[in-house]
There are 2 protein chains.
Amino acid sequence: MRNSSKPVGIEDVARRAHVSITTVSRVINHVPTVHPKNIERVEEAIAALHYKPNVSAQRLASGVTKAIGLVMPGYPGIFYSFYAVELMRGVGHGCESLQLDMVFHITNGSNPLKSNSVGGIVFADVIENRNQVDAALEAGLPCVIVNNHLKDVETHYIALDNLLGGRMAAEYLTGLRHRRIATITGNVKTQAGAERLEGFAKYLKSKNIPLPEQYIYPGDYSRQSARRAMEQFLKLPERPTAIFAASDDMALEALAVLAENGLKAPRDISLIGFDDNPACLNAPVALTTLHQPLFRMAEEAVRLLHSIMQGKTKKIVRKMIAPSLIVRESTAPYVPIQNSKEGHK
Amino acid sequence: MRNSSKPVGIEDVARRAHVSITTVSRVINHVPTVHPKNIERVEEAIAALHYKPNVSAQRLASGVTKAIGLVMPGYPGIFYSFYAVELMRGVGHGCESLQLDMVFHITNGSNPLKSNSVGGIVFADVIENRNQVDAALEAGLPCVIVNNHLKDVETHYIALDNLLGGRMAAEYLTGLRHRRIATITGNVKTQAGAERLEGFAKYLKSKNIPLPEQYIYPGDYSRQSARRAMEQFLKLPERPTAIFAASDDMALEALAVLAENGLKAPRDISLIGFDDNPACLNAPVALTTLHQPLFRMAEEAVRLLHSIMQGKTKKIVRKMIAPSLIVRESTAPYVPIQNSKEGHK
DNA sequence: TCCAATATAACAAACGTTTTTCCAACACTC
DNA sequence: GAGTGTTGGAAAAACGTTTGTTATATTGGA
């Protein structure tokens, strides 16, 4: 079945199409100055011979590499979460539409930078692999960071506007006339966690809505921390009427604690999450949340990188993406207490 | 900071080390016939000049491609599950240790095969992208399939022995003296689902333990199907004393249904899952299950592929990997009914 | 001292493209 | 009909390595 001899090369195509090698190359690279008749001939020959250009030769001759790297933190890290998956899918999709190869690299700690087989790198969720970013920049490789931004590194990024997200949560809940709003923060040592809290708190302050100390529970994205937070909130003499959890995962646990105490969202307490984690779709109460468009962000990162690689983008691009509010069932307008247990519908 | 001129090449290294280009190449490729002194010199020069070989040129000249492809089914598919993640991590780790680049490709349906930029392909969870496998084989690319096997395709695979897995579940439960054992099957249209059931049923039959129709609930890996299964089982006059769920996810739902009915595993019913899904680690009752060593399987697939690419492996390798039994809390020996509610400890 | 044998190293020819340079052919214009 | 553009194609020079072949030291034995 398989012809054991040499693979077909550009020369074979040229011979069969009765044109020169140059012309074949031009057809492949869509150079406009080729006679239509010749284009047709060449394409026929390519199809007939099952010709595939040798990528290495193309790269070597042209100096252009049609591949990008994607580096992600490995386990233990964000890798197990839906973040990773969405980001990967987005990058994959972007590469697909741009006809780029995607070489994938999982960071195990402080691994050396990969060889020069890519024309640029997308870094997803940079945390402590910033030395890798530095190395890549040093090597002259274009880099785009997605879903995170390093304050002190001079490079492009596409990041979620967590500050705005926190603010949106606060805005939405106050718009529902809630005035006693508590929050279970994410790990405030992470930028995302800190910013979500900051945006949230600042908005309340600007509206003169008090945010007492005991309404801020310093969580860490873990279920356990959400549980402790809820237990604290429920013990309070002035129970909050709404809660902003900095992740859907924590919101889910909050929902569970509520249920264990015979309470229900949104009847007793409104609850808003963050992330729009698909794993939370089958929660007992559908979660109102702030959606992170990770897929689109990743895709855009690839587009940006490609444009940089082509020299089309010169200036540093730093883009903040707004989360979007997804209103589902876990939030409702504040209803003043009626002395009875009866809830409004 | 950056020197704008040409990147350093092998020639620059040779000049600085006062040796020929050939010698430098030999040092890079660890050819043994180089004088130690020269090795040292060359390495010094490489380090001093920050020389990185041009991968494209290496590939072109040597004809060897130090990169493999990983193709995975895209969404909607297995991509969101831990399967994908474990498999990817395994492949990533294998590539790392073998110094291979890994170019990643998410299949969106019937996409054409990627260019010839890889020396071989690992297919993860092949379902209906078998035309891609065929295309790759046709193109002369070595292929290894992991976590699945296509009966009618002549290629290598590393697959989980689901038949054995089902059998192990049955063996373990009967070893605990259970005699009324039910199963919630996976989707029996998938090979895995069918085989898990088959192995399970065959073992019981061989031991003359009855497996009545109503003890086999045809699930589909979904939570809902597990719920329906449990509702059916609990209504039975002769309730099963043990249940084999073909996935941890379904087992988890079964646990929930049990709890809703005031029952508990393993006190009232023993429950064994399949997969060892890390997402189920924080279940209320730790799940006894059959572990799939996906990570190791993927790693091994890469090793195998590499060996094929080097011409070291000629014959077709088809390997079945045994799952391993992980005993946790959800199973216990069968205790004859005592007329009272008191359970044994 | 000379020769054979054995380590090392150098030369030069691939590897399969892209791309620059140059030339021919053709169509205009005056 | 000569001059001037314009268009399309051919020849050949890169691109940065690897590698088969040939040359040069170096060593040991006679």
Side-chain angles (χ1 to χ4, degrees), chain A residues 5-43 45-46 49-67 101 115-119 139-140 310-311, chain B residues 5-43 45-46 49-67 99 101 115-119 139-140 310:
Chain A
S5 61
K6 292 171 66 170
V8 302
I10 200 169
E11 203 173 338
D12 305 291
V13 176
R15 195 160 30 239
R16 169 155 178 145
H18 300 291
V19 296
S20 75
I21 291 180
T22 316
T23 305
V24 177
S25 174
R26 288 198 174 129
V27 171
I28 292 168
N29 297 302
H30 302 103
V31 176
T33 68
V34 182
H35 193 94
K37 196 172 72 182
N38 281 336
I39 294 182
E40 196 182 326
R41 273 189 189 165
V42 169
E43 282 174 344
I46 287 178
L49 299 173
H50 297 295
Y51 167 71
K52 294 241 172 196
N54 179 314
V55 177
S56 301
Q58 284 181 318
R59 287 183 183 175
L60 179 57
S62 67
V64 172
T65 300
K66 289 202 134 196
D101 274 355
S115 54
N116 49 4
S117 49
V118 295
Q310 294 193 315
Chain B
S5 60
K6 291 171 67 170
V8 302
I10 201 171
E11 204 173 338
D12 304 291
V13 177
R15 195 162 28 239
R16 167 153 180 150
H18 300 291
V19 296
S20 74
I21 290 180
T22 314
T23 305
V24 177
S25 173
R26 295 224 162 103
V27 171
I28 292 170
N29 296 305
H30 302 104
V31 175
T33 68
V34 183
H35 193 96
K37 195 173 72 183
N38 281 336
I39 294 183
E40 195 182 326
R41 273 189 189 167
V42 169
E43 280 174 345
I46 286 177
L49 299 173
H50 298 294
Y51 166 71
K52 294 244 172 193
N54 179 314
V55 176
S56 301
Q58 285 182 317
R59 288 183 183 176
L60 180 58
S62 68
V64 172
T65 299
K66 288 201 136 196
Q99 306 249 56
D101 274 356
S115 54
N116 48 2
S117 47
V118 296
Q310 294 193 318

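By convention in this document, chain letters (A, B, ...) are assigned in the order of the sequence lines, proteins followed by strands, and residues within each chain are numbered from 1.
- When rounded to the nearest whole Å, the span between NE2 of H30(A) and C1' of dT18(C) equals 15 Å.
- Here S25(A) reaches the OP1 or OP2 of dT18(C): one of its side-chain N or O atoms lies under 4.0 Å away.
- For V19(B), the listed nucleotide lying nearest its side chain is dA10(C); candidates were dA10(C), dT17(C), dT18(D).
- The separation between E40(A) atom CD and dG8(D) atom P is 16 Å, rounded to whole Å.
- The separation between E11(B) atom CD and dA14(D) atom P is 13 Å, rounded to whole Å.
- The nearest whole Å value for the distance from the CD1 atom in I39(B) to the C1' atom in dA7(C) is 13 Å.
- Distance Y51(B) OH to dG16(D) C1': 7 Å, rounded to the nearest Å.
- Atom CD of Q310(A) sits in a crowded spot, with more than 12 heavy atoms from other residues, nucleotides or ligands closer than 6.0 Å.
- S56(A) and L60(B) get closest at one heavy-atom pair: CB-N, 4.1 Å.
- Distance L60(B) CG to dA14(D) P: 17 Å, rounded to the nearest Å.
- Phosphate proximity of dC15(D) to N54(B): absent, as no side-chain N or O sits under 4.0 Å from OP1 or OP2.
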Please write out each protein N/O paired with an N/O of nucleotides 11-13 of chain C under 3.5 Å, distance rounded to 0.1 Å.
unit_1  : atom_1 : unit_2 : atom_2 : d
dC11(C) : N4     : T22(B) : OG1    : 3.0

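- Between T23(A) and the phosphate of dA10(D), there is a side-chain N or O to OP1/OP2 separation shorter than 4.0 Å.
- The CD1 atom of I10(A) sits 12 Å away from the P atom of dA10(D) (whole-angstrom rounding).
- Rounded to an integer number of Å, the gap from N29(A) CG to dT20(C) C1' is 15 Å.
- Residue-to-nucleotide proximity on DNA chain C shows that, of R59(A) and P36(B), the 5′-proximal contact is made by P36(B).
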* **Worked verdict on H50(A) versus V8(A) for side-chain contact (heavy atoms from CB on, under 4.5 Å)** => CA-CA 8 Å; H50(A) 297 295; V8(A) 302; 5.8 Å; no
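- With rounding to the nearest 0.5 Å, the separation of CG in D12(A) from CD1 in I21(A) is 9.5 Å.
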* Given side-chain contact (heavy atoms from CB on, under 4.5 Å), test R59(A) with R59(B) step by step and report yes or no. => CA-CA 10 Å; R59(A) 287 183 183 175; R59(B) 288 183 183 176; 3.8 Å; yes
* Under the side-chain contact (heavy atoms from CB on, under 4.5 Å) rule, what do V42(B) and V13(B) come out as? Steps first, then yes or no, please. => CA-CA 7 Å; V42(B) 169; V13(B) 177; 4.3 Å; yes
Listed pairs under 3.5 Å, donor-acceptor, residues 28-36 of chain A side chains, sequence neighbours left out:
unit_1 : atom_1 : unit_2 : atom_2 : d
N29(A) : ND2    : S25(A) : O      : 3.0
N29(A) : ND2    : S25(A) : OG     : 3.4
H30(A) : ND1    : I28(A) : O      : 3.4

